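Each remark here refers to the structure printed beneath this line.
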Amino acid sequence: MTSSAQSAVQRFITSARELFAQEKDPAERWKKMTPLLETLIGDRSIKEQSKDWPACRQGDERAQNLLFYEDPEYKFVINGLIKSPKSRTQIHDHAHNWTLYGVLDGHESIERYERVDDGAKSDYADIRQTEKVNVGPGKVDLVGPFQIHAEESGEERTVAIIVRAEKAGSFLQGRYDPATKKYWQGYGPEQIPYELK
């Protein structure tokens, strides 16, 4: 990691650890984490370094995230997500996991959905889109537990830094198909360890 990038990431980790120690309410903690991630993705050295990060698999196969850091005490993680142009995530939730999604480079749309059925049928979910916003560099999106959403990159490669309450990939998360109203569960993104230079 370059010294300036290292210091930016280390400052973020130090501030996040202090916040985890002080703020016990998860909803408040994650609101307060938002400006910390905004500062990190605003750092030029991080954006410059991200030009070399490899693309992550998306689509019907199990998605991938780069794993930059996992905190040994508080268990939060820092991930990277690099999407090719016109790449779309499956409509999904993150189960119980709090997530901050920060756009570092490129543009994409973020979609939000709500479930309108009562959840009584195990393989069925009737969802409707409630929001679709176009975002660019510097935008941080807070995704709460079980919040249904999707992202789609624009005409260019999109890079995001994601901070999660815990590492995804070892617990089931919801998947949704609004056309067929099918609901199923799958594991979150495969974690690809990647050392920042």
Side-chain angles (χ1 to χ4, degrees), residues 1-58 63-84 87 89 94 96-108 110 135-145 147 149 151 153-154 156-171 173 188-197:
M1 188 183 320
T2 63
S3 59
S4 55
Q6 186 175 40
S7 60
V9 172
Q10 194 54 56
R11 283 193 301 272
F12 173 84
I13 291 169
T14 299
S15 298
R17 285 178 54 80
E18 289 171 358
L19 184 54
F20 267 76
Q22 295 166 4
E23 181 56 73
K24 302 305 179 191
D25 179 73
E28 285 303 309
R29 178 190 306 140
W30 285 92
K31 284 181 196 170
K32 292 176 181 177
M33 287 277 285
T34 300
L36 303 182
L37 183 54
E38 287 172 344
T39 299
L40 179 61
I41 63 176
D43 189 280
R44 287 184 183 192
S45 64
I46 301 294
K47 186 171 182 176
E48 187 62 31
Q49 186 183 152
S50 75
K51 292 176 181 176
D52 296 327
W53 296 348
C56 300
R57 184 177 60 231
Q58 298 295 307
Q64 295 175 324
N65 284 175
L66 302 180
L67 177 61
F68 298 142
Y69 174 81
E70 181 176 14
D71 192 79
E73 183 177 1
Y74 296 109
K75 304 303 179 195
F76 68 87
V77 297
I78 304 173
N79 286 129
L81 176 57
I82 299 82
K83 294 200 292 270
S84 301
S87 178
T89 63
H94 295 159
H96 59 276
N97 211 4
W98 287 90
T99 305
L100 278 177
Y101 185 91
V103 179
L104 180 64
D105 198 14
H107 294 81
E108 61 185 351
I110 295 176
V135 298
K139 171 64 178 172
V140 174
D141 186 36
L142 174 58
V143 183
Q147 195 165 53
H149 63 287
E151 302 96 15
S153 56
E156 76 270 72
R157 173 180 182 265
T158 304
V159 180
I161 292 183
I162 306 170
V163 182
R164 304 179 193 275
E166 67 178 277
K167 185 167 63 175
S170 63
F171 54 87
Q173 302 177 194
E190 178 186 359
Q191 303 289 301
I192 309 297
Y194 189 87
E195 186 173 348
L196 295 173
K197 297 176 185 173

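Keep in mind it's a predicted model, so treat the numbers as computed, not measured.
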Checklist line | Atom of Gln64, atom of Cys56 and distance for their closest heavy-atom approach | finding: O-CB, 3.2 Å
Notebook entry, point to check: Quick one: are Ile41 and Ile46 in side-chain contact, heavy atoms under 4.5 Å?
Noted result: no
Item checked: Trace of the side chain to side chain contact (heavy atoms under 4.5 Å, CB included) decision for Trp98 with Gln147 -> CA-CA 9 Å; Trp98 287 90; Gln147 195 165 53; over 6 Å; no
Next item on the list: Write down the atom of Ser50, the atom of Lys47, and the distance for their closest heavy-atom approach.
Entry: OG-O, 2.7 Å
Next item on the list: Indicate the atoms forming the closest heavy-atom contact of Tyr194 with Pro54, along with that distance.
Entry: CE1-CD, 3.5 Å
Next item on the list: Classify the angle between the aromatic ring planes of Trp53 and Phe68 as parallel (below 30°), tilted (30 to 60°) or perpendicular (above 60°).
Entry: tilted
Check: For the atom pair NZ (Lys167) and OH (Tyr69), what is the distance rounded to the nearest 0.5 Å?
Finding: 13.0 Å
Next item on the list: Under the side chain to side chain contact (heavy atoms under 4.5 Å, CB included) rule, what do Arg11 and Asp43 come out as? Steps first, then yes or no, please.
Entry: CA-CA 11 Å; Arg11 283 193 301 272; Asp43 189 280; 3.8 Å; yes
Item checked: Sole residue of Val103, Leu100, Thr99, Ile110 in side-chain contact (heavy atoms from CB on, under 4.5 Å) with Asp141 -> Ile110
Margin query: Determine whether Glu73 and Phe20 satisfy the following criterion, side chain to side chain contact (heavy atoms under 4.5 Å, CB included), listing intermediate values before the conclusion.
Written below: CA-CA 10 Å; Glu73 183 177 1; Phe20 267 76; over 6 Å; no
Note to self: Using modelled atom types and a 3.5 Å cut-off, is there a donor and acceptor pairing between side-chain atoms of Ser153 and backbone atoms of Ser84?
What the structure shows: yes
Notebook entry, point to check: Which pair of heavy atoms, one from Ala16 and one from Phe76, lies closest together, and at what distance?
Noted result: CB-CZ, 3.7 Å
Margin query: In the structure I gave you, are the side-chain heavy atoms of Ile78 and Ile13 within less than 4.5 Å of one another anywhere?
Written below: yes
Check: Which distance, rounded to the nearest 0.5 Å, do you find between the NZ of Lys75 and the CD of Glu70?
Finding: 6.0 Å
Note to self: Do Arg17 and Tyr74 form a cation-pi contact, if we require the NZ or CZ to be under 6.0 Å from the six-membered ring centre and within 45 degrees of the ring's axis?
What the structure shows: no
Notebook entry, point to check: So, does Gln191 use its side chain to make a donor-acceptor pair with the main chain of Pro189 at under 3.5 Å?
Noted result: yes
Check: Quick one: does Thr89's side chain have a donor or acceptor within less than 3.5 Å of a partner on Glu151's backbone?
Finding: yes
Next item on the list: Compare every heavy atom of Pro35 with every heavy atom of Lys31, then report the nearest pair and how far apart it is.
Entry: O-CD, 3.5 Å
Next item on the list: Can you measure from CD (Gln10) to CG (Leu196) and round to the nearest 0.5 angstrom?
Entry: 11.5 Å
Check: Sequence neighbours excluded, which residues qualify as side-chain hydrogen bond (donor to acceptor under 3.5 Å, both in side chains) partners of Glu156?
Finding: His107
Checklist line | Aromatic ring proximity Tyr101/His149, centre distance under 6.0 Å | finding: no
Item checked: Atom of Arg29, atom of Leu19 and distance for their closest heavy-atom approach -> O-CD2, 3.5 Å
Next item on the list: Could you tell me the separation between the CG atom of Leu104 and the CD atom of Glu48, rounded to the nearest 0.5 Å?
Entry: 10.5 Å
Check: Is a side-chain donor or acceptor of Asp105 paired with a backbone partner of Thr158 at a separation under 3.5 angstrom?
Finding: no
Check: When you measure from the side chain of Asn97 to the backbone N and O of Glu166, does any donor-acceptor pair fall under 3.5 Å?
Finding: yes
